[in-house]
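This is a predicted model, so every value here is computed, not measured. Just so you know, residue 1 is the first one in the sequence shown, and it goes up from there.
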Amino acid sequence: MRPSTLLTVIPLLTTGTALGGSTQHHDADTNLTYSSITHPNGFTYRIALPSLPSTSDTNHHSSDSAILQIIAPHTLSWCGLAWGGRMIGNPLSVFWPTGASTGLKAIVSSRIASGKYLMPTNYSSAAYTYLNPTTANETHWTVTVLCQGCTRWNIAGQHVDLTESIHTNFGFACSKIKPTTPASNMSFFGIHEQYGVWEHDWSLGRNERFEEAVRGNLWVGDNGEEVV
Ligand code: HEM
Ligand SMILES: *[C@@H]1O[C@H](CO)[C@@H](O)[C@H](O)[C@H]1NC(C)=O
Ligand SMILES: *[C@@H]1O[C@H](CO)[C@@H](O)[C@H](O)[C@H]1NC(C)=O
Ligand SMILES: *[C@@H]1O[C@H](CO)[C@@H](O)[C@H](O)[C@H]1NC(C)=O
Ligand SMILES: *[C@@H]1O[C@H](CO)[C@@H](O)[C@H](O)[C@H]1NC(C)=O
């Protein structure tokens with residue numbers, strides 16, 4: 001990949017915005033507060049986390065749940081988040097529109113990469129639940145999911161726990177080329193033309209009523225079914 005395909009590095013400190021350019025976004029429909037960033041390619045990532053356990057709690061154990069919302073223009077045919085800030089050896093959440101006019105109009109695929117020239121395979125230690133809004137319109141596609149297992153993992157003997165961190169390095173990748181079978185979360189897709197790493201301040205998206213917001217916003221399909 002040519003260096004010129006790299007996106008502009010986002011400045012670590014800019015006036016008026018938090019570290020890495022993350023800002024706080026409150027969603028009135030769900031009452032969730034997200035840390036949010038929009039990359040120069042138009043791709044928006046938002047993350048909402050539960051509040052931290054109180055330090056006086058003797059069973060002090062933080063949740064590995066996170067809500068991830070992505071909003072992308074249709075000019076991007078798939079985009080992903082690398083939770084550990086690099087491509088290999090960390091949970092990857094990959095998203096794309098299905099092209100369907102009913103049901104799930106955009107989906108998440110749980111992946112992990114073991115090499116840069118290998119297709120990322122399915123990662124079964126993260127569990128996803130679709131939330132609202134998960135949809136597509138003429139211009140954009142949106143996926144909102146609860147991920148359990150994206151902020152703490154044990155991979156190849158390495159234990160990583162991001163649940164109590166204030167900011168963390170994330171990686172992203174996007175492509176204009178569609179996955180080969182967009183209706184399936186197992187689809188093949190090719191290499192990204194766009195990728196980058198940024199430092200994300202996700203302390204901006206802590207939520208006291210996290211569980212309540214999850215329960216109140218489960219994605220419901222056309223026939224009233226909940227897809228979990
Ligand atoms: C078929 C699928 C994929 C292929 C063939 C592929 C290939 C590559 C290659 C060759 C590089 C190195 C580029 C360079 O150093 O100039 C790279 C970097 C990167 N990729 Fe991928 N990739 C794929 C999918 C993904 C996915 C799904 C994600 C995230 C969800 C991702 C995230 C990244 C990131 C963040 C980097 C830069 C940081 C690093 O080098 O670890 N990639 N990829
Ligand atoms: C695809 O979806 C099924 C059903 O929700 C799930 O069990 C499976 O883990 C998912 N696979 C990937 C790669 O995300
Ligand atoms: C990936 O998914 C396939 C089909 O659902 C399953 O047989 C396989 O065990 C999964 N692999 C991993 C590493 O989860
Ligand atoms: C399509 O969805 C995007 C993202 O949610 C939104 O900003 C835009 O206003 C929507 N367009 C229409 C015509 O509703
Ligand atoms: C929204 O959440 C905040 C804090 O998380 C809470 O104080 C407020 O009562 C909530 N509002 C509604 C309408 O649930």
Side-chain angles (χ1 to χ4, degrees), residues 5-8 10 17 21-48 66-82 92-111 119-120 128-147 150 170-196 198 200 204-205 213-214 216-228:
T5 59
L6 266 169
L7 288 182
T8 319
I10 295 146
T17 54
S22 354
T23 56
Q24 196 168 57
H25 173 85
H26 185 258
D27 178 36
D29 290 339
T30 57
N31 199 26
L32 280 167
T33 299
Y34 289 90
S35 58
S36 176
I37 188 166
T38 300
H39 291 301
N41 63 358
F43 190 52
T44 297
Y45 285 94
R46 291 178 180 154
I47 294 175
I67 296 172
L68 174 61
Q69 178 173 80
I70 64 103
I71 304 168
H74 282 296
T75 47
L76 299 172
S77 297
W78 70 258
C79 281
L81 176 70
L92 304 178
S93 305
V94 191
F95 304 91
W96 59 76
T98 57
S101 51
T102 59
L104 279 170
K105 294 178 182 170
I107 56 174
V108 64
S109 179
S110 182
R111 302 286 176 125
M119 175 73 203
Y128 292 86
T129 307
Y130 287 101
L131 303 178
N132 290 320
T134 295
T135 188
N137 65 15
E138 295 283 295
T139 59
H140 290 77
W141 49 283
T142 300
V143 182
T144 310
V145 281
L146 169 71
C147 179
C150 285
F170 283 150
F172 78 93
C174 293
S175 175
K176 294 182 193 300
I177 316 263
K178 286 181 186 174
T180 46
T181 50
S184 164
N185 65 5
M186 295 296 295
S187 180
F188 176 88
F189 52 85
I191 193 169
H192 34 79
E193 311 87 55
Q194 308 168 25
Y195 68 93
W198 80 100
H200 192 81
L204 295 170
V214 167
N217 290 290
L218 293 173
W219 183 84
V220 176
D222 303 313
N223 303 316
E225 78 277 18
E226 281 176 2
V227 175
V228 178

Where do V145 and S93 land on the side chain to side chain contact (heavy atoms under 4.5 Å, CB included) test, with the steps shown first? CA-CA 10 Å; V145 281; S93 305; over 6 Å; no
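Put simply, the side chain of S109 gets close to the backbone of N185: a donor and an acceptor are under 3.5 Å apart. When atom types are taken as modelled, the side chain of E193 and the backbone of K176 share a donor-acceptor pair closer than 3.5 angstrom. T134 contributes a side-chain N or O that, together with a main-chain N or O of L131, makes up a donor-acceptor pair within less than 3.5 Å. Under the 3.5 Å distance criterion, the side-chain polar atoms of H25 are left unmatched by any main-chain donor or acceptor of I47. Although no hydrogens or angles enter the test, the distance criterion places no donor-acceptor pair under 3.5 Å between the side chain of S22 and the main chain of S35. With hydrogens and angles ignored, the 3.5 Å screen pairs no side-chain donor or acceptor of R46 with any backbone N or O of Y34.
Aromatic ring pairs are classed by plane angle as parallel below 30°, tilted from 30° to 60° and perpendicular above 60°; the pair W198 and H39 is perpendicular. Relative orientation of the F189 and W78 rings is tilted, given thresholds of 30° and 60° on the angle between their planes.
P133 places a side-chain heavy atom less than 4.5 Å from the side chain of Q69. Contact check for Y45 versus F172: side-chain heavy atoms found under the 4.5 Å cut-off. Side-chain contact between C174 and N41 is present, with heavy atoms from C-beta onward closer than 4.5 Å. A heavy-atom distance below 4.5 Å is not found between the side chains of I177 and S77. Side-chain contact check for W219 versus T144: every heavy-atom pair is 4.5 Å or farther apart.
A distance of 10.5 Å separates NE2 of H140 from CD1 of I70, quoted to the nearest 0.5 Å. The OG1 atom of T180 lies 12.0 Å from the NZ atom of K178; values are rounded to the nearest 0.5 Å. Atoms CD1 and OG1, on I71 and T44 in that order, are 5.5 Å from each other to the nearest 0.5 Å. Atom OG1 of residue T33 and atom CD1 of residue I67 lie 10.5 Å apart, to the nearest 0.5 angstrom. From T181, atom OG1 reaches atom CH2 of W96 across 7.5 Å, with rounding to the nearest 0.5 Å. From S110, atom OG reaches atom CE of M186 across 10.0 Å, with rounding to the nearest 0.5 Å.
The nearest pair of heavy atoms linking S187 to P182 is OG-N, 4.4 Å. L32 and A48 get closest at one heavy-atom pair: CD2-CB, 4.3 Å.
Taking the six-membered ring for Trp and the full ring otherwise, Y130 and Y128 have centroids separated by 6.0 Å or more.
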